[in-house]
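First comes the structure, then the notes that go with it.
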Amino acid sequence: MSTIITVIKGDGIGPSIVDAAIQILNSAGCDFCYEYVDAGMVALEKSGQLLPHSTTDAITRNKIVLKGPLTTPIGEGFSSVNVSLRQIFALYANVRPVVSFVGAKARYENINIITVRENTEGLYSSVGQFVSKDGEIAEATSIITRRASEQIVTFAFEMALRDNRKKVTIVHKANILKSTSGLFLKIAREIAKNYPTIETNEMIVDNACMQLVMNPHQFDVIVTTNLFGDIISDLCADLVGGLGMAPGANIGKDYAIFEAVHGGAPDIAGKNIANPSSMILAAVQMLNHLQLTEPAERITHALRETIRIGDRTTPDLGGTSSTTDFTHAVISRL
Ligand code: ATP
């Protein structure tokens, strides 16, 4: 029986880049069934809920999700749908690779960095959100636990071992955030001792941002807490050509959600010019997760060739083609 994938097309450019990824999966001969469900603004408009039960039920049934960007309305009363999904399904690891593609308009060549971001706690745990009645004071609670820190750092080192990576950089702010970041660093040091064949180093987050811009080739795997990982992974995306090149996998024990790391890009939504590579690369992460390495490699090769030749790429990559044209170019090279 074919694997059933839950698909959430999402908001803004989501439907066009998710359709592109699915056309490519189909053309590569992947034998999946797709169950389409809604979340985000589309779901709010249809059902009055950002994350309907029918959507969480489908994820519970099928376990694997391919997801476009979801928009959460700004302001009180709405919790982030992405954060809720990560918490409900215990998706503790957010794996965000950035890899250089020859031909992409990017600041650097030969970049290959994976950010492993703790995905369920820190300042994103939604705990203790408070704004005083007079609007003068706002508070939020940052929670770091031994359990989640051990889990994410172990995940990063195990991934480094499996993928033949050489170095893990622990990014923190323990000099100032002594309790929360301090606990994370202490635990990360303990775990690192179990992996003597992998070089470990530590970097304070502000320095890490500067080093990433100045000398990104020194990085291999980065492991960090939720907020720092969110910021650092967007910074890394720009090293290889921008958010259109950046996929992310949210991995838990039982469930996995594969997504583009960017938002709905309202400035280009509906114009058929979004770069679908982020979503195509998320689909490749999904294939590798399912141990379907042959189509994963074939799709990556076709995408690489399309960007290298550069005659049918989207404007963010320096081309003039549409999302549809770019997708057809990838399919023609499969
Ligand atoms: P969010 O806070 O929801 O992550 P954001 O405010 O960071 O969203 P994005 O929607 O991620 O904003 O877009 C940031 C910029 O990157 C916009 O100018 C957008 O057009 C561009 N961008 C994002 N994704 C793509 C893509 N796939 N192709 C081309 N440009 C993109």
Side-chain angles (χ1 to χ4, degrees), residues 8-24 39-44 50-51 66-75 78-86 94 96-99 101 103-107 115 117 119 123-124 126 209 226-250 257-285 299 303 306-307 310 312-330:
I8 303 173
K9 290 195 179 188
D11 299 310
I13 61 172
S16 70
I17 61 172
V18 170
D19 283 346
I22 288 181
Q23 276 178 50
I24 288 169
M41 295 304 284
V42 175
L44 188 66
L50 281 168
L51 187 56
L66 193 61
K67 181 183 84 56
L70 299 177
T71 305
T72 302
I74 293 172
F78 296 104
S79 312
S80 158
V81 196
N82 288 323
V83 172
S84 300
L85 283 170
R86 290 164 190 167
N94 194 329
R96 296 184 159 188
V98 290
V99 181
F101 277 57
K105 205 175 69 181
R107 286 174 208 281
T115 303
R117 159 188 173 192
N119 218 13
L123 264 173
Y124 287 22
S126 327
C209 289
N226 206 340
L227 173 64
F228 298 159
D230 192 6
I231 296 167
I232 279 187
S233 55
D234 267 29
L235 191 162
C236 286
D238 197 54
L239 303 174
V240 298
L243 286 170
M245 298 303 298
N250 300 273
I257 298 183
F258 300 88
E259 64 187 0
V261 310
H262 54 74
D267 53 331
I268 56 168
K271 296 183 178 163
N272 196 20
I273 55 167
N275 178 0
S277 302
S278 51
M279 213 56 232
I280 298 168
L281 290 167
V284 166
Q285 280 187 300
I299 292 172
L303 182 63
T306 304
I307 294 174
R312 287 163 79 186
T313 52
T314 46
D316 60 308
L317 293 172
T320 53
S321 293
S322 64
T323 310
T324 317
D325 256 4
F326 182 87
T327 307
H328 289 158
V330 176

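Read the numbers this way: they start at 1 and go in the same order the structure lists the ligands and their atoms.
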Check Pro276 against Thr327 and note the closest heavy-atom contact, atom names and distance.
CG-OG1, 4.0 Å
How far is atom 18 (O) of ligand 1 from the closest protein heavy atom, and which atom is that?
Asp267 OD2, 2.9 Å
If we only count heavy atoms from C-beta on, is the Tyr124 to Asp230 side-chain gap below 4.5 Å?
yes
Atoms in ligand 1 with a heavy atom of Ala265 nearer than 4.0 Å
10 (O), 19 (C), 20 (O), 23 (C)
Is atom 7 (O) of ligand 1 less than 4.0 angstrom from some protein heavy atom?
no
Around atom 24 (N) of ligand 1, find the nearest protein heavy atom and jot down its residue, atom name and distance.
His262 CG, 3.2 Å
Between Thr72 and Ser80 the two heavy atoms that sit nearest each other are OG1-CA, 3.4 Å
I need the Arg96 CZ to Gln285 CD distance, nearest 0.5 Å.
10.0 Å
Gly244 heavy atoms within 4.0 Å reach ligand 1 at atoms 26 (C), 27 (N)
Looking only at atom types and distance, does a side-chain atom of Arg117 sit under 3.5 Å from a main-chain N or O of Asn226, one as donor and one as acceptor?
yes
Would you call Ile273 and Thr314 a side-chain contact if the rule is heavy atoms closer than 4.5 Å?
no
Please state which protein non-hydrogen atom is closest to atom 30 (N) of ligand 1 and give its distance, to 0.1 Å?
Ile268 CD1, 3.6 Å
If we only consider heavy atoms of Ile17, is any one of them less than 4.0 Å away from an atom in ligand 1?
no
Donor-acceptor contact below 3.5 Å, side chain Asn250 vs main chain Ile257:
yes
Please list the nearest protein heavy atom to atom 14 (C) of ligand 1 with its residue and the distance rounded to 0.1 Å.
Leu243 CD1, 3.8 Å
Atom 28 (N) of ligand 1 - nearest protein heavy atom and its distance:
Asn275 N, 3.0 Å
Tell me whether Asp11 contacts the main-chain N or O of Met41 through its side chain, where contact means a donor paired with an acceptor under 3.5 Å.
yes
Atom indices of ligand 1, in the order listed, that fall short of 4.0 Å to a heavy atom of Gly264
10 (O)
Does ligand 1 have a heavy atom under 4.0 Å from the side chain of Thr314, from its backbone, from both, or from neither?
neither
Among all protein heavy atoms, pick the one closest to atom 9 (P) of ligand 1 and tell me residue, atom and distance.
Gly263 N, 3.5 Å
What do you think, any protein heavy atom under 4.0 angstrom from atom 11 (O) of ligand 1?
yes
For a side-chain hydrogen bond (donor to acceptor under 3.5 Å, both in side chains) check, start with the C-alpha distance between Ser277 and Asn275, then their side-chain angles and the critical distance, and finish with the verdict.
CA-CA 6 Å; Ser277 302; Asn275 178 0; 2.7 Å; yes
